[in-house]
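Here the structure comes first, spelled out in structure tokens, and everything after it is commentary.
Here, residue 1 is the first one in the sequence, and each next residue gets the next number.
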Amino acid sequence: MKHSTNQQTRRGRGPARRIGRTLAFVLPVVLVLSGTLAVTRVNWSGSPSDPVLTAADTSMSAGTPRTAKRTPQDVLRDKLLTELQEENPGVALTHLQQAVNGRPSLAKHCASIARALGQAAVRVYGPTRAQSYARPVCDTAFATGVAAAHS
């Protein structure tokens, strides 16, 4: 009789243990995602609007000479925005990661470039498809750009 009581006690803990394990896995994921979404809604730039540069940057119009000194991050951003339009955001993000790995001085500009890519991806692909390209390049800056352009 004692043996059957132990089996019932063990069976009684089974579903509770499964629920506990499920919560232990799901709850941190939900908290991280909700925190990420909350952070993406905040305007961190300090300016009321954050204009996004496109591949057809207005400073490079027909009337402006192309000999003006441009920073490496501007050149990279424009190149990646063109790649995003001609290929897809996944290719642009891969090349962004490679550029930062190859030239560490670009790391401080990585998040702003990835955000610009996310915002441009929403314009080209729509919010749902743009978000499907998100990956952890420069933390969650691409996803932040997608969310900012969608809201």
With no hydrogens and no angle check, do the side chains of Arg135 and Thr94 hold a donor and an acceptor under 3.5 Å apart? yes

Indicate the atoms forming the closest heavy-atom contact of Leu81 with Ala116, along with that distance. CD2-O, 3.9 Å

Quick check: do Val146 and Tyr133 have side-chain heavy atoms less than 4.5 Å from each other? no

Using 0.5 Å steps for rounding, measure from the CG atom of Asp74 to the NZ atom of Lys79. 14.5 Å

Under a 4.5 Å cut-off applied to non-hydrogen side-chain atoms, are Gln97 and Asn101 in contact? yes

Contact check, side chains of Leu96 and Cys110, non-hydrogen atoms, under 4.5 Å: yes

What distance separates Leu84 CG from Leu93 CG, expressed to the nearest 0.5 Å? 8.0 Å

Looking at every non-hydrogen atom in both residues, tell me the closest pair between Val122 and Ala130 and how far apart they are. N-CB, 3.8 Å

So CG of Leu76 and CZ of Arg70: to nearest 0.5 Å the spacing works out to 10.5 Å

Within a strict 4.5 Å, meaning less than it, do heavy atoms of the Ile113 and Gln73 side chains meet? yes

Heavy-atom closest pair (Gln119 atom, Ala148 atom, distance to 0.1 Å) is NE2-CB, 3.7 Å

